[in-house]
Colleague: 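Mind looking over this structure? Questions follow.
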Amino acid sequence: MLMEKPLPLSIAARILKKSTIEGVRRSPSYHHIGWKIFDRCAFCQPTELLTLKTEGEVILLGRLLEQQSVEHKTLSSAIALGQIQRSLTEHEILTSNKIQINLPKSANMKTNNGADGVALALALARQEKPDAVLMDKNQ
C-alpha cells in the first residue's frame, strides 16, 4: 500500500523506458492529468501497459493524449468542479460520467474519427502543434 503521494511519473518509470517518461515529462502536450493516467495504468494494469507499448511508442503516446483530453474535459466541467467541492474524487467523477479510466486497448479508439490520438502523437513526433493537426483534419 502506498503511504505517501508518489512523484509524478515515478510509478510509470518503473515499467516504461526512461526515454518515454522523459518525453512525456518534457512535452508541452502532456500535463499532470496525463502523468496521473500513466502512473495509474502502471500501478493498476502494468501488463496491459506493457502490451500497449509493444504496439509502438507513437500508439501508446497517442492513446495517452486521447485519454488525457477526455479526462481533462470531464474534470474541468462546471459539474465536475461542483462535485470536487462536495468531496467527490476524480475517480468517482470519471466513473459517474462513464469515462473509461484505462488507456484504450484496441486500435478502434472512441474519437471523432478513430485516429485522432495517433495523429496527435505523430504530430508531436514531428514537432508540430497538435491543435493544428486536428484543425487541418476537420477542414
Side-chain angles (χ1 to χ4, degrees):
M1 182 158 103
L2 295 173
M3 298 305 287
E4 58 188 57
K5 189 173 184 177
L7 294 173
L9 295 171
S10 63
I11 298 170
R14 297 178 195 161
I15 293 177
L16 298 170
K17 290 182 188 176
K18 184 177 181 177
S19 61
T20 302
I21 298 300
E22 287 303 315
V24 168
R25 183 175 280 133
R26 283 191 306 244
S27 173
S29 297
Y30 301 100
H31 49 74
H32 71 282
I33 292 178
W35 299 351
K36 284 183 190 180
I37 293 166
F38 247 8
D39 279 337
R40 181 179 66 219
C41 291
F43 184 77
C44 298
Q45 300 175 302
T47 305
E48 288 85 347
L49 185 60
L50 288 173
T51 300
L52 187 56
K53 174 74 168 122
T54 63
E55 291 184 32
E57 190 166 300
V58 170
I59 301 294
L60 175 67
L61 295 179
R63 295 199 181 148
L64 175 62
L65 196 59
E66 181 80 13
Q67 186 70 23
Q68 174 184 271
S69 175
V70 169
E71 290 190 21
H72 180 74
K73 182 178 178 182
T74 302
L75 294 171
S76 61
S77 71
I79 294 170
L81 295 175
Q83 291 172 322
I84 290 169
Q85 288 179 339
R86 291 192 310 267
S87 301
L88 266 69
T89 65
E90 289 181 359
H91 183 270
E92 291 170 321
I93 294 166
L94 294 170
T95 302
S96 69
N97 283 284
K98 296 180 176 45
I99 303 298
Q100 177 68 25
I101 61 167
N102 302 321
L103 291 177
K105 294 179 187 175
S106 72
N108 299 322
M109 298 180 344
K110 291 184 179 179
T111 63
N112 295 339
N113 66 4
D116 286 351
V118 174
L120 291 172
L122 288 170
L124 291 173
R126 293 188 305 257
Q127 303 295 326
E128 295 176 14
K129 292 184 178 181
D131 292 339
V133 172
L134 287 178
M135 289 177 68
D136 288 343
K137 287 173 56 178
N138 292 331
Q139 291 177 353

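All values below were derived from every heavy atom in this structure, side-chain atoms included, with hydrogens, water molecules and symmetry-related copies excluded. Every value quoted in this text rests on a predicted model; they were computed, and no experiment measured them.
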Colleague: Within the supplied structure, the quantity of interest is the number of heavy atoms (other residues, nucleotides, ligands) at a distance under 6.0 Å from Ile79 CD1; does it exceed 12?
Modeller: no

Colleague: Check whether any side-chain N or O of Thr95 sits under 3.5 Å from a backbone N or O of His91 as a donor-acceptor pair, and report yes or no.
Modeller: yes

Colleague: Is the backbone of Pro8 close enough, under 3.5 Å, to the side chain of Arg25 for a donor and an acceptor to pair up by distance?
Modeller: yes

Colleague: What pair of heavy atoms forms the shortest contact from Ala12 to Ala42, and how long is it?
Modeller: CA-CB, 3.5 Å

Colleague: Could you tell me whether the side chain of Gln67 and the main chain of Gln100 form a donor-acceptor pair under 3.5 Å?
Modeller: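 Flag set: sc Gln67 to bb Gln100 pair under 3.5 Å.
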
Colleague: Looking only at heavy atoms, which two atoms of Asp39 and Ile11 are closest? And how far apart?
Modeller: OD1-N, 3.1 Å

Colleague: Hey, mind stepping through Phe38 and Leu61 against side-chain contact (heavy atoms from CB on, under 4.5 Å) and telling me if it holds?
Modeller: CA-CA 10 Å; Phe38 247 8; Leu61 295 179; 4.2 Å; yes

Colleague: Just how far is it from atom CZ of Arg86 to atom CD1 of Ile93, taken to the nearest 0.5 Å?
Modeller: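 Output value for this atom pair is 8.5 Å.
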
Colleague: When you measure from the side chain of Glu92 to the backbone N and O of Gln83, does any donor-acceptor pair fall under 3.5 Å?
Modeller: no

Colleague: With rounding to the nearest 0.5 Å, note down the distance linking OG1 in Thr74 to NE2 in His72.
Modeller: 10.0 Å

Colleague: For the atom pair CG (Leu16) and CG (Leu50), what is the distance rounded to the nearest 0.5 Å?
Modeller: 6.5 Å

Colleague: Do the side chain of Ser69 and the main chain of Leu65 share a donor and acceptor less than 3.5 angstrom apart?
Modeller: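 Side chain of Ser69 to backbone of Leu65: no pair is present.
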
Colleague: So Lys53 and Ile15, side-chain contact (heavy atoms from CB on, under 4.5 Å) or not? Walk me through it.
Modeller: CA-CA 10 Å; Lys53 174 74 168 122; Ile15 293 177; over 6 Å; no

Colleague: Roughly how far, to the nearest 0.5 Å, is CD1 of Ile101 from CD of Gln45?
Modeller: 7.5 Å

Colleague: More than 12 foreign heavy atoms under 6.0 Å from NE2 of His31: is that the case here?
Modeller: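 Counting neighbours around NE2 of His31, more than 12 heavy atoms of other residues, nucleotides or ligands fall under 6.0 Å, so yes.
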
Colleague: Do the side chains of Leu60 and Leu49 get nearer than 4.5 Å, heavy atoms only?
Modeller: yes

Colleague: Taking atom CG of Leu9 and atom CD1 of Ile37, what is their separation to the nearest 0.5 Å?
Modeller: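 Rounded to the nearest 0.5 Å, the CG-CD1 separation comes to 11.0 Å.
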
Colleague: Under a 4.0 Å threshold between the charged nitrogen and the carboxylate oxygen, would Glu57 count as salt-bridged to Lys17?
Modeller: no

Colleague: By the definition side-chain contact (heavy atoms from CB on, under 4.5 Å), identify the one residue from Val24, Ile33, Ile59 that meets it with Leu64.
Modeller: Val24

Colleague: Answer yes when Glu71 and Arg40 have at least one side-chain N-carboxylate O distance shorter than 4.0 Å, and no when they do not.
Modeller: yes

Colleague: So, taking the atom named CZ in Phe43 and the one named CZ in Arg14, what distance separates them when rounded to the nearest 0.5 Å?
Modeller: 8.5 Å

Colleague: So which heavy atom on Leu81 is nearest to which on Ser76, and how close?
Modeller: CD1-O, 3.9 Å

